[in-house]
**Q** 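Quick one: the structure is below, questions incoming.
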Amino acid sequence: MIDKTYQPSEVEGRIYAAWEGSGAFRAGRPERRDAEPFCIVIPPPNVTGSLHVGHALDNTLQDILVRYQRMRGKDVLWQPGTDHAGIATQMVVERQLMERQQPGRREMGREAFLKRVWEWKEESGGTIIHQLKRLGASCDWSRERFTMDEGLSRAVIKVFVELYRAGLIYKDKRLVNWDPKLLTGISDLEVEQVEKKGHLWHLKYPIEGIENEYIIVATTRPETMLGDTAVAVHPGNERLKHLIGRKAVLPLVGRRIPIIGDDYADPEKGTGAVKITPAHDFNDFEVGKRHKLPLVNIFTPEAKLNLAGNAEFMAGVSPSDELDATLALHGKDRFAARKQIIDRLEAAGLMDKIEPYTHTVPHGDRSGVVIEPFLTDQWYVDANTLAQPAIAAVREGRTEFVPKNWEKTFFEWMENIQPWCISRQLWWGHQIPAWYGPGGKVFVAETEAAAKAEAKTHYGKEIALTRDEDVLDTWFSSGLWPFSTLGWPDDTPELKRYYPTSVLVTGFDIIFFWVARMMMMGLHFMQEVPFRTVFLHGLVSDERGQKMSKSKGNTIDPLELIDQFGADALRFTLAAMTSQARRDVKLSAKLVEGYRNFGTKLWNAARFAEMNGCVRVAGFDPTRTTETLNRWIVHETAKANREVTEALEGYRFNDAASATYRFVWNVFCDWYVEFSKPLLTGADGTAKDETRATAAWALDQILKLLHPFMPFLTEELWQVTAEQGPKRDTLLITAPWPQENFEDAAAEAEIGWAIDLITAIRSVRAEMNIPPATKIPLVLAGVSAQTKARAGRWAEFLQRLARVPDISFADTAPAGSVQLVVRGEVAALPLKDVIDLNAERTRLDKELAKADADIKRVDVKLSNERFVANAPEEIIEGEKEKRQEAEGRRAKILEALERLKGAA
RNA sequence: GGGCGCUUAGCUCAGCGGGAGAGCGUUCCCUUCACACGGGAGAGGUCAUAGGUUCAAUCCCUAUAGCGCCCACCA
């Protein structure tokens with residue numbers, strides 16, 4: 001028995017357990033050994049994270065594809081797992097330590113701290129997996145992986161060593177984006193440019209040897225002047241080029257710095273002269289290299305001034321009171337120092353002017369603090385070399401982006417890709433497999449023993465090595481995800497069977513972070529693309545289109561929506577919102593509620609079927625039904641099946657969702673269920689039996705089509721309806737996807753006529769305020785023999801749905817009746833008592849005007865010689881048919897108006 | 001500076017070369033035996049603006065305006 005109402009909370013857990021218990025999620029099941037493989041690797045969520053709406057969207061779409069392909073009979077692997085999320089996780093644990101007033105990580109030491117992080121991972125690592133299950137995700141959990149588990153770590157080490165040996169990973173000392181809060185270098189992608197209102201300070205540097213002459217430089221970062229080692233002027237700058245070769249005296253320091261000629265100095269920008277701080281600016285670093293300028297690093301890693309005892313800073317500087325005052329700034333934070341430096345420059349009359357200035361300032365995406373270009377040793381990947389095969393693969397269509405326009409974004413970035421800084425000064429992550437011997441000689445090897453052996457060969461004796469302390473960027477390991485999870489570097493059967501994976505589903509925001517890196521790594525190590533298709537969906541935002549963020553307080557918790565409306569309702573909403581044209585998916589509880597109602601509608605339709613004895617019949621063949629109504633629903637089912645299938649094949653999730661919605665609600669519930677009532681309660685045993693069987697069959701088809709979107713409710717109905725009729729040989733999750741292809745134009749025409757007639761009569765009833773209970777007669781005037789026959793067959797149905805108990809025929813409409821034109825024929829409602837002749841005339845005049853307009857629009861086209869000459873034949877034919885239809889309609893309306901005159 | 005996208009019914013959005021669509025909201029009617037998380041009937045749009053291409057433009061092209069995102073850079 002189907003319960004009166006569907007209770008998601010009571011059903012979902014039980015159904016999920018049934019799926020897991022059946023082994024349906026597992027890849028490589030024996031019975032599908034010969035089936036085509038279909039594989040998706042999950043974008044691994046942060047292991048200690050929890051499910052937000054973005055995950056809900058991403059995983060709903062993946063689950064829809066996975067369930068669809070599973071029902072199509074494929075051997076499906078949805079590979080799950082989690083990411084160690086280096087910086088994010090380490091920050092969480094450090095924050096915990098702070099909140100609990102426990103010793104910080106540096107006091108604890110590396111080993112104890114890592115133990116602590118692993119404990120936190122064990123404690124919270126199951127959360128998001130559990131939440132994905134609540135969403136209904138049908139991953140093969142037996143294959144769950146973690147980026148820092150033994151196998152994946154082995155893959156990371158091997159990749160690092162091989163890329164190093166191939167010269168594609170190298171260590172370099174250069175400026176890096178340095179996060180002074182997290183005390184680590186980060187990659188370009190982890191830097192966010194934030195627009196800030198600030199100032200442009202114009203500083204006057206005295207020229208050595210010329211009294212009262214200055215060169216003025218403009219800067220947004222006055223404190224870096226302490227690290228200036230030159231002033232640059234464009235060699236073609238007529239106004240300033242005479243100063244090239246002279247020296248400026250750096251205020252507050254006294255260092256003599258050369259005025260150099262360099263194209264970098266744009267005469268149009270700023271003052272035309274630019275201060276050069278090679279240790280603290282990427283462009284200046286390049287200028288410094290060209291002119292062999294010294295680097296003066298004035299900061300500590302925390303971005304505090306480092307002056308006293310700083311040999312670089314002190315080089316070439318003579319003692320003075322001014323210098324002493326500057327040295328007093330030692331240890332000050334960069335922003336505090338800025339203020340004091342400005343004050344002192346102003347006091348010394350060396351501040352030419354201060355302008356308000358809006359510019360973008362780089363911030364660390366995790367820490368939120370201003371990034372400092374900082375000179376350090378870091379490991380880099382030669383991304384440019386690895387990018388070339390990835391670019392080629394997309395150009396050649398071996399991997400295809402959906403929607404396709406994202407390929408352009410991919411190319412833009414890949415073609416201008418910069419070396420990828422992969423080392424992080426953190427502890428949580430894959431420690432870099434590099435060991436150092438005396439003199440900094442580096443040995444990169446898969447194990448310490450191997451490194452030692454290399455060192456022994458090199459030094460000719462056993463030697464102690466120290467390991468590089470840094471770990472790798474999290475994205476380095478996630479870049480290997482499509483093959484590391486399948487067992488690489490071992491030569492596993494899974495790699496052979498499921499690589500390349502079928503499709504990757506992810507948000508467009510991580511094309512660079514993740515998609516591009518997987519393409520590079522996959523092509524390099526597997527000699528093959530990691531996925532055939534990349535489906536990129538939008539980002540979830542709130543109702544107003546604002547990005548959801550904790551700080552804005554506008555987040556929607558998907559678990560709350562699941563609690564409130566059920567997982568199916570949330571899933572259907574997310575699918576319905578995913579169109580390829582949009583970049584944001586605006587989610588609101590109201591929408592989810594609406595699709596919860598849709599689920600309830602189907603639930604009640606199933607209850608209706610059950611109450612009316614619609615039990616499945618073994619060996620039922622939908623193509624052999626004889627009742628027009630049943631042939632019609634078979635026809636409509638096939639149509640819906642085709643629509644949903646085509647939409648899913650094209651990743652048009654919204655189209656797939658709306659096709660199922662329309663079919664279930666507006667076709668099956670609105671019309672089939674209503675039309676079936678007379679048959680199900682009637683006396684004709686044969687017709688009744690066929691209708692029962694067809695209804696049960698159609699409901700089964702609905703459950704199948706809807707299952708990828710609403711897996712819980714459909715599986716529950718599949719189970720309950722299994723209580724009667726033939727035994728089901730499978731759960732719905734592994735039931736075959738509908739294949740029917742049954743067209744029946746005759747049934748469509750007949751039911752279509754009935755629907756149109758009923759709709760027209762209802763419309764008149766509403767307009768004329770005829771109470772629903774009032775029964776009125778129907779006269780079909782001058783209709784064809786076919787229509788007469790139809791009317792005979794559908795009398796009972798029309799009576800029920802349009803409340804017309806008496807159906808008769810006449811040559812012309814009786815006087816004083818409302819005359820409707822339905823599919824070219826007149827249906828008259830004799831309503832002498834209620835009819836308002838004037839209102840009726842107005843109504844008919846309106847219809848006449850519409851018919852005239854339709855005819856005129858077509859005539860304009862058809863009378864246009866160039867249209868007739870150029871338009872395709874079928875379009876012209878279509879126009880002619882339209883005209884004929886409108887002409888027929890017009891004639892009937894004119895006749896109706898004539899009769900109305902007669903009545904008056 | 002470079003790139004991408006958006007502007008369609010009150011709201012949120014589909015559609016995209018040949019008859020303007022959905023959901024929500026709204027108006028009117030209905031406690032009809034699956035469902036009020038429901039049923040029935042309506043109202044509501046010069047598809048941002050201006051040009052162009054075409055027999056035909058909401059849809060293609062160009063420009064303009066407004067909104068948004070990404071990348072780069074800023075002395």
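Below, chain A is the first sequence line, B the second, and so on; all start at residue 1. No experiment lies behind these values; they were computed from the predicted model shown.
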**Q** Who does C69(B) pair with, Watson-Crick or G-U, both distances under 3.5 Å?
**A**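 Per the H-bond distance test, G3(B).
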**Q** Identify which nucleotide among C55(B), G5(B), G18(B) has an atom closest to any side-chain atom of Asn405(A), counting heavy atoms from C-beta outward.
**A**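 Selected nucleotide: G5(B).
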**Q** If you only use heavy atoms from C-beta on, which nucleotide in G25(B), A41(B), C70(B) is closest to the side chain of Ser763(A)?
**A**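 Nearest to the side-chain atoms of Ser763(A), counting from C-beta on, is A41(B).
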**Q** Checking Thr409(A) against Glu412(A): is there a side-chain donor and acceptor pair closer than 3.5 Å?
**A**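 No.
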**Q** Hey, are Thr277(A) and Lys275(A) close enough side-chain-wise for a donor-acceptor pair under 3.5 Å?
**A**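 Lys275(A) vs Thr277(A): donor-acceptor pair found between side chains.
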**Q** To the nearest Å, give me how far apart CZ (Phe572(A)) and P (C37(B)) are.
**A**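 Rounded to the whole Å, the gap is 20 Å.
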**Q** If we take the P atom in both G15(B) and G52(B), what is their distance in whole Å?
**A**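 To the nearest whole Å, 29 Å.
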**Q** Distance alone, cut at 3.5 Å: any donor-acceptor contact between the side chains of Tyr205(A) and Asp228(A)?
**A**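 On atom types as modelled, these side chains qualify, holding a pair under 3.5 Å.
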**Q** Look at the side chain of Asn597(A) and decide which nucleotide, out of A34(B), G38(B), G68(B), has an atom nearest to it.
**A**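 Closest of the options to the side chain of Asn597(A): G38(B).
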**Q** At under 4.0 Å between heavy atoms, what does Thr5(A) touch on the DNA or RNA strands: base, sugar-phosphate, or nothing?
**A**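 Thr5(A): no heavy atom of the nucleic acid under 4.0 Å.
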**Q** Rounding to the closest angstrom, what is the interatomic distance between C13(B) and G18(B) at atom P?
**A**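 It works out to 24 Å between them.
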**Q** When the P atoms of U58(B) and C47(B) are compared, how many Å lie between them, rounded to an integer?
**A**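 Between the two P atoms, the distance is 7 Å.
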**Q** Quote, to the nearest angstrom, the P distance that separates G45(B) from G10(B).
**A**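 Going atom to atom, P in each nucleotide, I get 7 Å.
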**Q** Taking any heavy-atom pair under 4.0 Å as a contact, classify Ala871(A): base, sugar-phosphate, or nothing.
**A**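 Base, at least one base heavy atom under 4.0 Å.
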**Q** Just compare C71(B), A41(B), A75(B) and give me whichever is closest to any side-chain atom of Ala218(A).
**A**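 It is A75(B).
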**Q** Using a 4.0 Å heavy-atom cut-off across all strands, classify Ile2(A) as base, sugar-phosphate, or nothing.
**A**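 No contact at all - Ile2(A) keeps every heavy atom at 4.0 Å or more from the nucleic acid.
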**Q** Output the single nucleotide from A41(B), G25(B), G5(B) whose closest atom is nearest the side chain of Arg762(A).
**A**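 The closest nucleotide is A41(B).
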**Q** So what does Thr600(A) touch, heavy atoms closer than 4.0 Å: a base, only the sugar-phosphate, or nothing?
**A**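 Base contact - Thr600(A) has a heavy atom under 4.0 Å of at least one base atom.
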**Q** In whole angstrom, give me the gap between the C1' atoms of G25(B) and C11(B).
**A**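 Here G25(B) and C11(B) have their C1' atoms 7 Å from each other.
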**Q** For the side chain of Arg857(A) and the backbone of Ala853(A), is there at least one donor-acceptor N/O pair under 3.5 Å apart?
**A**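 A pair under 3.5 Å: no.
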**Q** Determine the interatomic distance between P on A50(B) and the same-named atom on C37(B); round to the nearest Å.
**A**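 So the two P atoms sit 47 Å from each other.
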**Q** Return the nearest nucleotide to the side chain of Phe867(A); candidates are C55(B), C4(B), C73(B).
**A**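 When the side chain of Phe867(A) is considered, C55(B) is the closest of C55(B), C4(B), C73(B).
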**Q** For a quick check of understanding: with a heavy-atom distance under 4.0 Å over all strands, which category does Glu674(A) fall into, base, sugar-phosphate or nothing?
**A**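 Base contact.
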**Q** Output the single nucleotide from U12(B), G25(B), A75(B) whose closest atom is nearest the side chain of Val274(A).
**A**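 Of U12(B), G25(B), A75(B), A75(B) is nearest to the side chain of Val274(A).
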**Q** Short of 4.0 Å, heavy atom to strand atom, which residues of residues 260-271 of chain A count as contacting RNA chain B?
**A**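 Here the set is Tyr264(A), Ala265(A), Asp266(A), Lys269(A), Gly270(A).
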**Q** Look at the rings of Tyr595(A) and Phe598(A) and say which category their plane angle falls in: under 30° parallel, 30 to 60° tilted, over 60° perpendicular.
**A**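 Because their plane-to-plane angle is over 60°, the rings of Tyr595(A) and Phe598(A) count as perpendicular.
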**Q** Distance only, no hydrogens: is a donor on one side chain within 3.5 Å (strictly under) of an acceptor on the other, for Glu355(A) and His199(A)?
**A**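 Not at all, the side chains of Glu355(A) and His199(A) share no donor-acceptor pair under 3.5 Å.
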**Q** Scan side-chain atoms only and decide if Lys688(A) and Thr681(A) contain a donor-acceptor pair under the 3.5 Å cut-off.
**A**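 No, no side-chain donor-acceptor pair sits under 3.5 Å.
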**Q** Just the rounded figure in Å: distance from C1' of G40(B) to CD of Glu767(A).
**A**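 Roughly 13 Å, once rounded to whole Å.
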**Q** Roughly how many Å apart are U27(B) and C70(B), using the P atom of each and rounding to a whole number?
**A**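 The same atom, P, in both gives a distance of 41 Å.
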**Q** Can you tell me which nucleotide in A75(B), G19(B), A41(B) comes closest to the side chain of Thr220(A)?
**A**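 Out of A75(B), G19(B), A41(B), the nucleotide with an atom closest to Thr220(A)'s side chain is A75(B).
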**Q** The criterion is salt bridge (Lys or Arg N to Asp or Glu O under 4.0 Å); which residues satisfy it with Asp852(A), sequence neighbours excluded?
**A**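 With neighbours one apart ignored, the set is Arg890(A).
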**Q** Using a heavy-atom cut-off of under 4.0 Å over every strand shown, decide if Arg607(A) touches base, sugar-phosphate, or nothing.
**A**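 Touches sugar-phosphate only.
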**Q** Rounding to a whole Å, what distance do you find between Met768(A):CE and G42(B):P?
**A**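 That distance rounds to 13 Å.
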**Q** Taking a pair as Watson-Crick or G-U wobble with both distances under 3.5 Å, which nucleotide is matched to C47(B)?
**A**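 Partner of C47(B): none.
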**Q** Would you mind telling me which of C35(B), G19(B), C73(B) lies closest to the side-chain atoms of Lys4(A)?
**A**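 Between C35(B), G19(B), C73(B), the one nearest the side chain of Lys4(A) would be C35(B).
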**Q** Quick one: which of C73(B), G18(B), G68(B) gets closest to the side chain of Ile875(A)?
**A**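 Shortest atom-to-atom distance from the side chain points to G18(B).
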**Q** Just checking Pro872(A): base, sugar-phosphate only, or nothing, at a heavy-atom cut-off of under 4.0 Å?
**A**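 The residue Pro872(A) makes base contact.
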**Q** Under the rule for side chain to side chain contact (heavy atoms under 4.5 Å, CB included), what residues qualify as partners of Arg290(A), not counting sequence neighbours?
**A**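 Here the qualifying residues are Asp262(A), Tyr264(A), Glu286(A), Val287(A).
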**Q** Do the side chain of Lys601(A) and the base of C35(B) come within less than 3.5 angstrom through a donor-acceptor pair of N or O atoms?
**A**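 A donor-acceptor contact between them is present.
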**Q** Check the phosphate of G39(B) against Trp665(A), side-chain N and O only, distance under 4.0 Å to OP1 or OP2. Yes or no?
**A**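 Answer yes for this pair, as a side-chain N or O of Trp665(A) is under 4.0 Å from OP1 or OP2.
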**Q** Look at Asn604(A) and A34(B) and indicate whether a side-chain polar atom (N or O) is within less than 4.0 Å of OP1 or OP2.
**A**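 Negative; the distance criterion is not met.
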